[in-house]
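For clarity, every value in this text was computed on a predicted model and none was experimentally measured.
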Amino acid sequence: MNKIKMVTPLVEMDGDEMTRILWQMIKDELLLPYIDLKTDYYDLGLEKRNETNDKITMDSALATLKYGVAVKCATITPNAARMSEYNLKEMWKSPNGTIRAALDGTVFRAPIIVKGIEPCVKNWKKPITLARHAYGDVYKNTEMKISKKGKAELVFTDEDGNETRETIHVFDGPGIIQGMHNTEKSISSFAKSCFNYALDTKQDLWFSTKDTISKKYDHTFKDIFQEIYESEYKEKFEEAGITYFYTLIDDAVARVMKNAGGFIWACKNYDGDVMSDMVSSAFGSLAMMTSVLVSPSGVYEYEAAHGTVQRHYYKHLAGEETSTNSVATIFAWTGALRKRGELDAIPALINFADKLEQATISTIESGKMTKDLALITSLKDVTVLNSQNFIKEIRNTLETLL
């Protein structure tokens, strides 16, 4: 067959450890034989980030703003152990955090539904999409350890030099303080991304915070969402036959357990971090979770929802066989290729992305899968494949579909 031609490049962000190995396997087996792949390539492996003083991460984000669609491999956010292992100049920040801030985006994560991998919550029948605000809160916090008695204050000095003060706590001994912030601009972008994504996917939208306790911080989120919904989206939602619903985060957690799914659940940054892992694990596996960062200006960055699979990478380096699940990384590529096809009006590219996803799911449903899925599947007599053979088996299925 003739290779599918692309017009505009994808921004390709390579990553670290085992997912970097899978990244190349996916390209070699599932993409390059069928697509004349055009990418603007950035190596976000930890060595290259260290070499460029992390400039390459911001360069990749700026390229995404230029081209509109990116696909990203999982990357390491270094801790103290990584500082020594990679001989780093400093403890570089999370690439995801840098990219999310640059794109002003919201992260949407949804489970990949496969027969034979049943959700732990028996009444979940449809995917639950988590929409996570990707700016501020605890991820941009300032912290302080208090060693003795004293008064902690929250102080804001405006541009004219005027101060506003609130007492946080009067300490009678050692303790800790944490300061968080957000901006109305970022919250508004978060709200619009959620409303637009709900309209795009024709799904109801939930939003939850703890405004009864956080009467200024969380209440501001609630108010901005409501104002934007009423002024810009209410009629569009009614025309689409979908609803917007606000509730407290604890009520949402209780409700989600009894719901059949098929909706978007919007959460603040930390809530979304925690709840997306809960939802993905309950549906089966983090390796079976799609993740896309969407900016209100219509820029998309697709990635896997999981990490770099460090343990498997060390086994791989030792020459041992691994059985690493590559589904989320494959779906990052298909999501990016489909969106590129939609934006550039290339039906063949959209169709290929659909077929590759179908081939991936069909391979698993035929009983051929990686070890992590074999441990939780209800299918009988399954075949456990190693990392490379699983991808090769998907290619065999893809060939029949094409």
Side-chain angles (χ1 to χ4, degrees), residues 11 61-62 64-72 94 96-110 127-137 139-140 181-209 218 220-237 239-240 242-247 249 252 262-276 279 289-303 305 331-332 335-336 338-340 342-343:
V11 176
L62 295 175
T64 304
L65 289 170
K66 175 182 177 182
Y67 290 114
V69 185
V71 58
K72 180 181 174 295
S94 159
N96 288 341
T98 300
I99 294 164
R100 288 166 189 165
L103 301 188
D104 193 19
T106 298
V107 179
F108 295 90
R109 289 182 170 174
I128 296 168
T129 301
L130 257 293
R132 174 187 169 189
H133 188 206
Y135 176 80
D137 300 347
Y139 301 87
K140 285 242 178 217
H181 80 280
N182 224 293
T183 68
E184 290 195 0
K185 178 177 180 290
S186 181
I187 298 166
S188 297
S189 294
F190 172 40
K192 289 178 181 179
S193 291
C194 291
F195 291 130
N196 287 335
Y197 199 77
L199 287 169
D200 285 347
T201 58
K202 300 292 187 290
Q203 294 184 89
D204 292 341
L205 174 65
W206 296 13
F207 177 49
S208 58
T209 70
D218 281 24
T220 298
F221 276 82
K222 176 186 177 182
D223 290 344
I224 288 173
F225 261 74
Q226 194 63 38
E227 288 163 10
I228 291 174
Y229 174 69
E230 295 286 346
S231 64
E232 298 181 40
Y233 290 94
K234 187 175 182 179
E235 288 184 9
K236 294 175 184 176
F237 268 53
E239 287 172 10
I242 58 176
T243 59
Y244 167 62
F245 170 73
Y246 173 81
T247 190
I249 182 69
F263 61 91
I264 299 165
W265 181 9
C267 294
K268 287 168 56 197
N269 210 342
Y270 178 78
D271 294 341
D273 193 358
V274 175
M275 294 306 161
S276 64
V279 168
M289 195 87 167
T290 64
S291 183
V292 56
L293 179 70
V294 183
S295 80
S297 62
V299 173
Y300 298 79
E301 183 245 313
Y302 295 82
E303 61 180 340
F331 272 64
R338 183 185 294 107
K339 181 55 66 175
R340 186 77 276 162
E342 290 171 0
L343 295 176

To the closest 0.5 Å, what do you measure between [atom1] ([X]) and [atom2] ([Y])?
X    : Y    : atom1 : atom2 : value
I264 : L130 : CD1   : CG    : 10.5 Å
I187 : K192 : CD1   : NZ    : 13.0 Å
E230 : Y244 : CD    : OH    : 9.5 Å
E227 : S188 : CD    : OG    : 8.5 Å
Q226 : F221 : CD    : CZ    : 15.5 Å
K268 : D273 : NZ    : CG    : 13.0 Å

Any donor-acceptor pair under 3.5 Å from D204 side chain to T243 backbone = yes
Within the side chain of R109, is there an N or O that forms a donor-acceptor pair under 3.5 Å with the backbone of T290?
->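 Not confirmed, R109 side chain does not pair with T290 backbone.
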[X] and [Y]: which non-hydrogen atoms are nearest, and at how many Å?
X    : Y    : value
A240 : K202 : CB-CD, 4.1 Å
A266 : F190 : CB-CZ, 4.1 Å
T183 : S186 : OG1-N, 3.0 Å
I228 : A191 : CD1-CB, 3.9 Å
C267 : G272 : CB-N, 3.4 Å
Y246 : S208 : CE1-CA, 4.2 Å

Any side-chain heavy-atom pair of [X] and [Y] under 4.5 Å:
X    : Y    : result
L205 : Y229 : no
L293 : E303 : no
L199 : I242 : yes

Given the rule in the side chain to side chain contact (heavy atoms under 4.5 Å, CB included) test, do S189 and T106 qualify, once you have shown the distances and angles that lead to the verdict?
-> CA-CA 8 Å; S189 294; T106 298; over 6 Å; no
Taking 4.0 angstrom as the limit, do K339 and E342 come out as a salt bridge?
->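 Counted as a salt bridge, because a side-chain N and a carboxylate O are separated by less than 4.0 Å.
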What orientation do [X] and [Y] show, parallel under 30°, tilted 30 to 60°, or perpendicular over 60°?
X    : Y    : answer
F108 : Y197 : parallel
F225 : F207 : parallel
Y300 : Y302 : parallel

Give a yes/no verdict on a cation-pi contact between K234 and F237, requiring under 6.0 Å between NZ or CZ and the six-membered ring centre and an angle within 45° of the axis.
-> no
Please indicate whether F245 has more than 12 foreign heavy atoms, meaning atoms of other residues, nucleotides or ligands, lying under 6.0 Å from its CZ.
->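 Yes - once you tally the heavy atoms of other residues, nucleotides and ligands closer than 6.0 Å, there are more than 12.
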Is the number of heavy atoms from other residues, nucleotides or ligands within 6.0 Å of CD (E232) greater than 12?
-> yes
In a check of side chain to side chain donor-acceptor pair (under 3.5 Å) between N269 and each of K140, R132, H133, which one passes?
->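 Exactly one pass, corresponding to R132.
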Name the one of L103, I99, V71 that satisfies side chain to side chain contact (heavy atoms under 4.5 Å, CB included) with T64?
->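 The side chain to side chain contact (heavy atoms under 4.5 Å, CB included) with T64 is passed solely by L103 among L103, I99, V71.
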No-hydrogen, no-angle side-chain donor-acceptor test under 3.5 Å, S295 and D104 | no
Would you please say whether a donor-acceptor pair under 3.5 Å links the side chains of H181 and Y135?
-> yes
Decide yes or no on side chain to side chain contact (heavy atoms under 4.5 Å, CB included) for V11 and E301, but give the supporting numbers first.
-> CA-CA 9 Å; V11 176; E301 183 245 313; over 6 Å; no
